[in-house]
Amino acid sequence: LPAAVLLKDTKLMDVKLGQLPSWLAMRDFTPGGIVGAIQRGYNRYYNKYINVKKGGLGGISMVLAGYVVLSYVWSYSHI
Amino acid sequence: VLHCTRQLHTTQQSLAPLPPLPEKGGEVRHGLIPEEFFQFLYPKTGVTGPYMLGTGLVLYLLSKEIYVINHETVAAACILSVIIYGIKRFGPDVAAFADKLNEEKMAKALAVKNEAIEGLQAAIEEEKKEQWRVEGRSYLFDAKRNNVAMLLEANYRERLMMVYNEVKKRLDYQVAMQTLKRQKEQDYMIQWVEKNVVQSITPQQQKESIAKCILDLKALSRGAHAAA
């Protein structure tokens, strides 16, 4: 019988759709929390795609594609 | 100064030696979309699902003019085609070059490690040899003790000899003194006796002795004539 996991500790992919607002409300929105979240995200991406013995093209191309998309979104109103 | 009241290394895991880097990064398809996305959609839509999703999205963006086609689109298309051509042509070479660089780095590090290990093992051998040598120190000390004893003995005998020689010299001197004294006394006494005897011979006695000698000689010569 798996132990009941608190909603606070579930990962995003395991949260049911109805629980999403309450889950979002429970996240840590202090500046320290936000910085920590950014750092965790960065570390995850870095260790998965860049910090390997034989890195490939996808590591940086995904970052560049994301940059392209974001800059298009920000400059959409100027087109 | 280390205050040893604090506990060190309280956690179980210690990251030394570091775990090795993973060989390959996460899989990315077409250089842009991670493989996990395709796996995520596979149970529901099969293999062509993500591609259909992509096509639908592109058509939606174009038709609703969320993505506007203008001069920049043409420029982007040209740039992208050049980039893709370059990557397809030079990709493997660059990868091989980077791998070679990595290999060299690893080889250098390994060489350093091996040399350090060999150096330490040689040091271990030397140490064992030294320990073996230590066992022979009793022989060394015996030899040294023998040397010292021999030196002492030689010195002692030398001095003994010197003492003997000196004493003999002094005794010889005394003996020589005594013999000299006796000889001198004898010589002097002989001389004195001779002198007195010669003095005591008066001229009268001299004439008588000479006449007696002549008579004796004549007697002898008569006896010799008679015999011959």
Side-chain angles (χ1 to χ4, degrees), chain A residues 2-3 5-21 23-24 27-28 32-33 35-79, chain B residues 15 18-41 54 57-58 61-62 64-73 75-77 79-80 83-106 109:
Chain A
V5 186
L6 292 172
L7 186 58
K8 191 158 77 83
D9 294 330
T10 55
K11 297 192 184 176
L12 179 55
M13 299 307 273
D14 297 331
V15 169
K16 305 265 185 297
L17 209 56
Q19 295 169 321
L20 198 55
W23 184 86
L24 269 177
R27 295 302 288 170
D28 186 11
V35 166
I38 292 177
Q39 200 145 33
R40 261 178 290 135
Y42 172 78
N43 280 344
R44 262 183 65 187
Y45 186 81
Y46 180 74
N47 285 330
K48 182 150 181 219
Y49 290 106
I50 303 189
N51 199 12
V52 293
K53 273 192 204 163
K54 285 169 70 75
L57 180 63
I60 39 161
S61 83
M62 279 198 280
V63 176
L64 289 175
Y67 165 72
V68 163
V69 167
L70 204 62
S71 64
Y72 185 81
V73 165
W74 280 340
S75 60
Y76 181 69
S77 52
H78 301 297
I79 296 177
Chain B
L15 290 170
L18 278 176
L21 285 177
E23 280 290 330
K24 295 174 68 62
E27 278 286 326
V28 173
R29 217 193 267 207
H30 301 301
L32 276 183
I33 306 159
E35 190 68 30
E36 280 87 6
F37 185 66
F38 290 83
Q39 298 303 324
F40 178 65
L41 291 179
L57 265 177
V58 165
L61 291 177
L62 282 174
K64 286 282 195 169
E65 283 251 311
I66 297 178
Y67 179 67
V68 178
I69 295 191
N70 48 10
H71 62 286
E72 284 178 12
T73 308
I79 291 175
L80 272 177
I83 287 178
I84 289 179
Y85 171 71
I87 286 177
K88 284 262 185 306
R89 171 105 172 262
F90 298 115
D93 294 336
V94 170
F97 178 69
D99 283 343
K100 197 156 71 72
L101 285 179
N102 250 7
E103 280 297 321
E104 281 172 17
K105 271 194 236 172
M106 287 278 294

Just wondering, do [Y] and [X] contact through their side chains at under 4.5 Å, heavy atoms?
X       : Y       : answer
A:Lys53 : B:Pro22 : no
A:Asn51 : B:Leu21 : yes
A:Val52 : B:Lys24 : no

For B:Glu104, does the CD atom have more than 12 heavy-atom neighbours from other residues, nucleotides or ligands under 6.0 Å away? yes
Start with the C-alpha distance between A:Lys48 and B:Glu36, add both sets of side-chain angles, then the distance that settles salt bridge (charged side-chain N to carboxylate O under 4.0 Å, His left out), and finish with yes or no. CA-CA 12 Å; A:Lys48 182 150 181 219; B:Glu36 280 87 6; 2.6 Å; yes
Between [X] and [Y], which heavy-atom pair has the shortest distance, and what is it?
X       : Y       : answer
B:Tyr67 : A:Tyr72 : CA-OH, 3.2 Å
A:Tyr49 : B:Gly26 : CE2-O, 3.5 Å
B:Val68 : A:Tyr76 : CG2-CE1, 4.5 Å

Under 4.5 Å from any heavy atom of chain A - which part of B:Glu65: backbone
Nearest-0.5 Å distance, CG of residue A:Leu57 to NE2 of residue B:His30: 13.0 Å
Between the CD1 atom in B:Ile33 and the OG atom in A:Ser61, the distance rounded to the nearest 0.5 Å is 10.0 Å
